[in-house]
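A quick write-up on the structure given underneath.
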Amino acid sequence: MGLYNLTRSSTRGVISLCRPTVTGLEHVPSSGPFIVAANHLSFLDSVLIQALMPRKVGFFAKAEYFTTPGLKGAAMRSFFESVGSIPVERGQQAASVAALKSLLDVLESGGGIGIYPEGTRSRDGLLYRGRTGVGWLALTSGAPVVPVGLIGTEKLQPAGKKWVKPRPFTMAVGRPLYFSKTGPQHALPERRRVTDQVMDSIAELSGQERSAAYNQNKPDGA
């Protein structure tokens, strides 16, 4: 926890330059497993949530962040390991059973995980239809879902840009959503219902216009 606290403290110091508005942190459970479900506007979203949340939140991170050689690789590996990031192979869908089970392991140990139900960043500012991985996790684990609405984070690092420019942004944390624990054996319509309820809560927090379509992966710079 020492390295985690040091990393989070230093990251918070940098984030403070953006003059963020953060509300609702009291809604994060003080103990036990929880699922953070957020909209996704920027590459930096996971870093921001991990730094500003009162408890550790594990997000997926590309496996190469943990295996890159040299000093740069060591620095990346140290950072992502310290904040609890979970490696996922390039090309492996974050909603795949294997990937979701790695998140489930964290929940079963009493930890917190983060997931983007849209699957990938929104490049046009719309809030896309949620993929049902978050519903699967909620029903399988029984962990509460904490909705998060991010506003303005896309201005910190525009798509395709390597530089970061300090800009005000908002992170609004909503009241946790509780669902019955059914285990992995549950009907797809129930998983969809839970996912849609989570997306409705995210929309209330972010104020985004909704899209009935799924977001599609696009190459950086597109």
Side-chain angles (χ1 to χ4, degrees), residues 1-31 33-88 94 102-103 106-107 109-118 120-122 145-174 176 202 205-206 220:
M1 290 296 292
L3 182 56
Y4 163 69
N5 289 330
L6 177 61
T7 300
R8 187 170 68 160
S9 177
S10 59
T11 304
R12 279 182 172 179
V14 175
I15 292 173
S16 68
L17 299 175
C18 300
R19 304 187 306 279
T21 299
V22 182
T23 62
L25 292 181
E26 69 275 9
H27 297 316
V28 179
S30 59
S31 62
F34 65 102
I35 302 166
V36 169
N39 60 325
H40 199 10
L41 299 170
S42 168
F43 170 78
L44 296 172
D45 289 342
S46 298
V47 174
L48 300 175
I49 292 173
Q50 287 173 314
L52 296 173
M53 280 286 174
R55 291 181 59 195
K56 194 172 185 177
V57 179
F59 276 92
F60 282 131
K62 295 178 182 178
E64 53 260 41
Y65 292 158
F66 297 83
T67 58
T68 300
L71 291 176
K72 180 180 179 181
M76 286 195 301
R77 183 169 59 256
S78 177
F79 173 81
F80 285 106
E81 287 179 346
S82 70
V83 296
S85 296
I86 302 163
V88 60
S102 65
L103 296 180
V106 177
L107 293 173
S109 67
I113 59 97
I115 190 169
Y116 300 113
E118 293 173 278
T120 188
R121 283 174 285 167
S122 173
V145 179
V146 179
V148 170
L150 297 169
I151 303 171
T153 60
E154 74 281 4
K155 298 175 182 178
L156 298 174
Q157 187 179 31
K161 303 295 184 180
K162 294 184 177 180
W163 44 265
V164 176
K165 198 169 186 178
R167 286 287 187 273
F169 68 90
T170 295
M171 186 178 86
V173 181
I202 293 174
L205 295 165
S206 71
D220 287 341

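Excluded from the calculations below are hydrogen atoms, water molecules and symmetry mates; all remaining heavy atoms, backbone and side chain alike, are included.
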A side-chain contact here means heavy atoms from C-beta on lying under 4.5 Å apart; do [X] and [Y] qualify?
X: Pro117; Y: Ile202; value: yes
X: Glu26; Y: Val173; value: no
X: Arg121; Y: Leu41; value: no
X: Leu156; Y: Cys18; value: yes

Can you see which heavy atom on [X] is nearest to which on [Y], and at what distance?
X: Ala37; Y: Val145; result: CB-CG1, 3.8 Å
X: Leu52; Y: Met171; result: CB-CE, 3.7 Å
X: Ala172; Y: Leu205; result: O-CD1, 3.7 Å
X: Gly13; Y: Ser16; result: O-OG, 2.5 Å
X: Glu118; Y: His40; result: OE1-N, 3.1 Å
X: His27; Y: Pro176; result: O-CD, 3.5 Å

With sequence neighbours excluded, residues passing side chain to side chain donor-acceptor pair (under 3.5 Å) with Asn39
Gln208

Could I get the full list of side chain to side chain donor-acceptor pair (under 3.5 Å) partners for Ser42, not counting sequence neighbours?
none

What do the steps show when you test Val57 against Phe34 for side chain to side chain contact (heavy atoms under 4.5 Å, CB included), and what is the final call?
CA-CA 9 Å; Val57 179; Phe34 65 102; 3.9 Å; yes

What residues form a side-chain contact (heavy atoms from CB on, under 4.5 Å) with [X], not counting sequence neighbours?
X: Ala38; result: Ile49, Tyr116, Val148
X: Ser10; result: none
X: Pro168; result: Arg19
X: Val14; result: none

Among all residues two or more places apart in sequence or in another chain, which pass the ring pair (Phe, Tyr, Trp, His ring centres under 6.0 Å) test with Phe169?
none

May I have the step-by-step check of side chain to side chain contact (heavy atoms under 4.5 Å, CB included) for Thr153 and Leu48, ending in yes or no?
CA-CA 9 Å; Thr153 60; Leu48 300 175; 3.7 Å; yes

Start with the C-alpha gap between Phe60 and Ser46, add the side-chain angles, then the distance that decides, and say whether side chain to side chain contact (heavy atoms under 4.5 Å, CB included) holds.
CA-CA 9 Å; Phe60 282 131; Ser46 298; over 6 Å; no

